[in-house]
Trainee: 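Would you mind keeping the following structure in view while I ask a few things?
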Amino acid sequence: MSDATKDEGRTGDGTRAVRAGLPEPVKHEPTLPGPVFAAHFHLPGEVTGPYLYGRDDNPTWTLLERAVSELEAPGQEDVETLVFASGMAAISAVLFSQLRAGDAVVLPSDGYQVLPLVGAQLEAYGIEVRTAPTAGDAQLDVLDGARLLWIESPSNPGLDVCDIRRLAEAAHARGALVAVDNTLATPLGQRPLALGADFSVASGTKQLTGHGDVLLGYVTGRDAEAMAAVRRWRKIVGAISGPMESWLAHRSIATLQLRVDRQNATALAVAEALRRRPEVSGLRYPGLPDDPAHKIAAQQMRRYGCVVSFTLPTRARAERFLAALRLVEDATSFGGVRSTAERRRRWGGDAVPEGFIRMSVGAEDPEDLVADVLRALDESAG
Ligand SMILES: *Cc1c(COP(=O)(O)O)cnc(C)c1O
């Protein structure tokens, strides 16, 4: 960690983002060294040192891992980050490395749509899977005897929020580990480790990298023993990030604060415009002062994300709305600089109404985007 980023109190998020993970300057070398493409490294004699084989470690990962640690836990030297090929690779690495047959795990019932598939696989390995909703800290009720609590806050796509500190304290009092999926908030929006979690896990595919061209995941943790197990899992499963993807991710993190501030401010403007429309119901954005999640979100989040969820009266209306949008692409995922939206029910996984729309607000001019959304709502009324 360089001196400029060591002390959280001395630098703001933008400064930290542009400098995160950079090596000490070396004359005639680039500021951010390019991707290191290597399956193996010169290794005469003893098997020691940081870089032996490309499935275990890579210098491009090392710099990215430092960058993520500096954002997830500024000023904390004891924290470690491991990058993975995707968010799911990172999530699975924590769950499958920490849990054994006979253990119980608590998952959110309204989490990312692939989480139930992971739960089924855990059950097949003899792990008891309990689920409860994110809202109302309902996971508290099923914590007794659990080995690990998995939190997703804000949840995707429902945007419910739970009190991470409260849940982490309750889990630790029962001897359980706590992991938080921090994908939606990004480390500039929320720092799970500071709220008491043992792991902050995220998909870097979304707003962290923000250009819709990279799949990536990471695990940040402070418990050396637990992280050693996660590292071992990465080695045996081999779900590693390519050097090019890792370098693109690091390059993108330099603009994280710019993107997040712009996209999140526009998300609030879009939510405020949607709130005045009679055909819109179930509007959720944790940054809206009257959102059911706002009170807890304001306690533990520094920024509220770029995703807005809402429901139109019917499936047909939602489809017409999506087709009428000109600046918003009908596509899945979120967090990119180009706005996207989708009718979430088309995937079948989430328990949401047919007209439920998850919109990811990009970096377009706010007035252009709000105008496009309002025009598409008018045109789709037909
Ligand atoms: C997208 C997403 C994931 C999975 O990440 P991938 O990079 O697509 O594997 C996990 N959790 C949340 C909350 C997500 O939005």
Side-chain angles (χ1 to χ4, degrees), residues 1-2 5-6 19-73 76-100 177 179 187 193 198-205 208-209 213-254:
M1 198 171 287
S2 66
T5 48
K6 215 179 272 171
R19 300 208 58 84
L22 297 183
E24 291 302 328
V26 176
K27 195 171 182 180
H28 307 309
E29 293 292 326
T31 305
L32 176 63
V36 175
F37 297 104
H40 57 84
F41 301 85
H42 287 299
L43 186 61
E46 295 297 307
V47 178
T48 55
Y51 304 113
L52 315 173
Y53 185 58
R55 186 179 1 86
D56 297 327
D57 246 318
N58 173 292
T60 310
W61 302 351
T62 305
L63 298 180
L64 173 61
E65 290 172 342
R66 280 187 202 147
V68 173
S69 288
E70 286 169 21
L71 297 177
E72 280 282 352
Q76 276 180 256
E77 306 279 343
D78 54 342
V79 158
E80 184 184 358
T81 295
L82 294 166
V83 293
F84 287 84
S86 66
M88 285 318 303
I91 289 171
S92 294
V94 170
L95 290 168
F96 288 94
S97 69
Q98 305 301 315
L99 296 166
R100 305 280 174 278
L177 289 165
L193 298 192
D198 300 289
F199 304 99
S200 180
V201 187
S203 168
T205 312
L208 185 82
T209 58
D213 51 11
V214 167
L215 279 121
L216 190 94
Y218 69 83
V219 179
T220 304
R222 65 167 132 242
D223 180 323
E225 204 179 311
M227 288 305 285
V230 176
R231 183 183 283 278
R232 181 174 172 278
W233 181 265
R234 184 173 70 176
K235 178 186 180 79
I236 62 179
V237 173
I240 55 166
S241 170
M244 190 67 197
E245 283 76 5
S246 305
W247 181 82
L248 278 170
H250 199 161
R251 183 184 192 272
S252 302
I253 283 174

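Just the heavy atoms: all of them, side chains too, but no hydrogens, waters or symmetry mates, feed the values below.
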Trainee: For Asn58 and Tyr51, which heavy atoms make the closest approach, and how far apart are they?
Mentor: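 Smallest interatomic distance, heavy atoms only, reads C-CE2, 3.4 Å.
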
Trainee: Identify the heavy atoms of Leu63 and Pro33 that sit nearest to each other, and give their distance.
Mentor: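 Shortest heavy-atom separation between Leu63 and Pro33 comes out as CD1-CD, 3.8 Å.
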
Trainee: Grab the two heavy atoms, one from His250 and one from Leu64, that are nearest each other, plus how far apart they are.
Mentor: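 Shortest heavy-atom separation between His250 and Leu64 comes out as ND1-N, 3.6 Å.
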
Trainee: Passes side chain to side chain contact (heavy atoms under 4.5 Å, CB included), Val68 versus Ile253? Steps please.
Mentor: CA-CA 9 Å; Val68 173; Ile253 283 174; 4.3 Å; yes

Trainee: What residues, two or more places apart in sequence or in another chain, satisfy side-chain hydrogen bond (donor to acceptor under 3.5 Å, both in side chains) together with Thr205?
Mentor: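 If we apply the side-chain hydrogen bond (donor to acceptor under 3.5 Å, both in side chains) test to Thr205, skipping adjacent residues, the hits are Ser203.
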
Trainee: Mind listing the closest non-hydrogen atom pair of Ala39 and Tyr53 along with its distance?
Mentor: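 In this case the closest contact between Ala39 and Tyr53 is O-CD1, 3.1 Å.
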
Trainee: Going by atom type alone, with no hydrogens or angles, which donor-acceptor pairs under 3.5 Å involve a side-chain atom of residues 82-100 and a protein atom two or more places apart or on another chain?
Mentor:
| unit_1 | atom_1 | unit_2 | atom_2 | d |
| --- | --- | --- | --- | --- |
| Ser86 | OG | Met88 | N | 3.4 |
| Ser86 | OG | Ala89 | N | 3.1 |
| Ser92 | OG | Met88 | O | 3.1 |
| Ser97 | OG | Ala93 | O | 2.6 |
| Ser97 | OG | Val94 | O | 3.3 |
| Gln98 | NE2 | Ala226 | O | 3.1 |
| Arg100 | NH1 | Ser97 | O | 3.2 |

Trainee: Report the residues that fulfil side-chain hydrogen bond (donor to acceptor under 3.5 Å, both in side chains) with Arg231, sequence neighbours left out, ordered by chain and then residue number.
Mentor: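 By the side-chain hydrogen bond (donor to acceptor under 3.5 Å, both in side chains) rule, Arg231 matches Asp57, Glu80.
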
Trainee: Does Val214 form a side chain to side chain contact (heavy atoms under 4.5 Å, CB included) with Met244? I'd like the steps, not just the answer.
Mentor: CA-CA 9 Å; Val214 167; Met244 190 67 197; over 6 Å; no

Trainee: Say whether, by atom type as modelled, one donor and one acceptor occur between the side chain of Ser200 and the main chain of Leu193 under 3.5 angstrom.
Mentor: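 Side chain of Ser200 to backbone of Leu193: no pair is present.
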
Trainee: Can you list the residues that meet the side-chain hydrogen bond (donor to acceptor under 3.5 Å, both in side chains) rule with Asp56, with sequence neighbours excluded?
Mentor: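 Asp56: side-chain hydrogen bond (donor to acceptor under 3.5 Å, both in side chains) contacts with Lys235.
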
Trainee: List the residues meeting side-chain contact (heavy atoms from CB on, under 4.5 Å) with Ala228, not counting sequence neighbours, and say none if there are none.
Mentor: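 Ala228 satisfies side-chain contact (heavy atoms from CB on, under 4.5 Å) with no other residue.
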
Trainee: Partners of Glu245 by side-chain hydrogen bond (donor to acceptor under 3.5 Å, both in side chains), sequence neighbours excluded?
Mentor: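 For Glu245, no residue satisfies side-chain hydrogen bond (donor to acceptor under 3.5 Å, both in side chains) once neighbours in sequence are set aside.
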
Trainee: Of all heavy-atom pairs between Leu216 and Ser241, which one has the smallest distance, and what is that distance?
Mentor: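 For Leu216 and Ser241, the tightest heavy-atom pair comes out as CD1-OG, 3.2 Å.
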
